[in-house]
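See below for the structure under consideration.
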Amino acid sequence: MIKIKTTQNIEEMKIAGSLSKAALRRAGALVRPGVSTAEIDAAVESFIRLHRGVPTFKGYGGFPGSICSSRNEEVVHGIPSPAVILQEGDIISIDTGATKEGWVGDNAWTFYVGSVSDEAKALCECTRDCLIAGIEQAVPGNHVGDIGAAVQELAEGNGYGVVRDYVGHGVGRVMHEEPSVPNYGHRGRGVKLQVGMVIAIEPMITMGSWGTYTLPNRWTVVTDDGGFAAHYENTIAITKDGPVILTEDSEGPWCPMQGGY
Ligand code: MG
């Protein structure tokens, strides 16, 4: 069942959304060669708790981290670890979720570690543009398929793959609600978007094959051809005035970074 939020609920959700974005920004500020993903995880957990929130991912289905940190060919759900040391040229997708005052905010961004290849940058920029294209479709009367089609057309038009095995989702008092929000589909198909729906739009785009598998640690999802993947996400409310990004702090909804956007 899709849980429709009131205007008041949506205002309340901005609190968790803002903290989730600030946590993502905190993570991005730590990204550099030589840092471990466990260090970033610890800093984000402290940051969220300092601001009286709870890291939504910690313990979710047994997940051990407060962030998901997915490097290079890892798509999503990478486990932060002291053994994963970021290196110059890596790209690192970080997903942060914060629960505060009863609501969840969920967002992700792919950061560059030092200077990265032009190919990796192009993948990241296209994936960010896919997120923007998806958000533009998140208006009342459109369908979930309009979001998926917009993302798919842009990604595939640039020669990239669209991950099928993982999709966006409704967000509310828990992280995963209905409906599913695939990054592929057909215009005019699927659930009709209504005022008061809150969804996470999260394109996962690959350099090559869109096929994935899960590592033996039961969490980390990687591309089946070893090609790089990027992942950008915001939590969006569908309102009569159009899409409203809830994962936005005082600096806005995006995480610009050095040498990038
Ligand atoms: Mg999500």
Side-chain angles (χ1 to χ4, degrees), residues 2-3 5 10 13-14 16-25 27-28 41 44 48 53-70 74-80 92-100 103-111 127-128 130-135 137-138 144 147-148 151 155 162-185 190-191 193 197-206 212 214 219-221 229-238 243-248 253-255:
I2 294 170
K3 298 192 171 104
K5 280 76 179 178
I10 289 169
M13 288 187 77
K14 288 179 179 173
S18 163
L19 180 55
S20 185
K21 178 62 54 171
L24 186 58
R25 216 180 284 291
D41 181 61
V44 166
I48 292 172
V54 173
T56 313
F57 303 167
K58 187 112 182 175
Y60 187 94
F63 188 77
S66 293
I67 64 169
C68 296
S69 52
S70 309
E74 297 172 354
V75 182
V76 286
H77 306 165
I79 300 175
I92 178 83
S93 300
I94 297 179
D95 198 335
T96 62
T99 305
K100 189 167 176 181
W103 298 98
V104 169
D106 187 9
N107 60 182
W109 197 267
T110 303
F111 298 97
T127 309
R128 177 208 53 181
C130 285
L131 173 58
I132 294 169
I135 291 170
Q137 297 298 318
V144 161
I147 297 172
V151 171
V162 175
V163 170
R164 305 292 201 277
D165 301 332
Y166 300 87
V167 296
H169 49 91
V171 182
R173 294 198 179 275
V174 296
M175 179 161 53
H176 292 123
E177 290 187 353
E178 290 182 41
S180 290
V181 184
N183 296 300
Y184 53 90
V191 169
L193 303 176
M197 287 173 58
V198 174
I199 55 174
I201 300 178
E202 50 177 323
M204 291 155 252
I205 306 299
T206 62
T212 68
T214 304
W219 282 106
T220 310
V221 175
H231 177 213
Y232 291 71
E233 176 182 32
N234 271 316
T235 301
I236 314 293
I238 291 155
V244 172
I245 300 176
L246 303 183
T247 38
E248 174 174 84
W254 309 109
C255 291

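Keep in mind that what you see is a predicted model, and the values were worked out from it rather than measured. First listed ligand is number 1; within each ligand, the first listed atom is number 1.
For K58, the NZ atom sits in a packed shell: over 12 heavy atoms of surrounding residues, nucleotides or ligands are nearer than 6.0 Å.
Closest non-hydrogen pair, L131 versus E233, comes out as CD2-N, 3.8 Å. The minimum heavy-atom distance linking T235 with T247 is given by the pair N-OG1, 2.9 Å. Between A27 and V44, the closest heavy-atom pair is CB-CG2, 3.7 Å.
For the salt bridge (charged side-chain N to carboxylate O under 4.0 Å, His left out) condition, the pairs that include at least one residue of residues 163-184, sequence neighbours left out, are K5-E177, E156-R164.
Remark: of the listed residues F57, F63, Y166, F63 is the sole one forming a ring-ring contact (aromatic ring centres under 6.0 Å, His included) with W219.
The set of protein atoms (N, O or S) found at less than 2.8 Å from the Mg ion (ligand 1) reads D106 OD2, H169 NE2, E202 OE2, E233 OE2, by chain and number.
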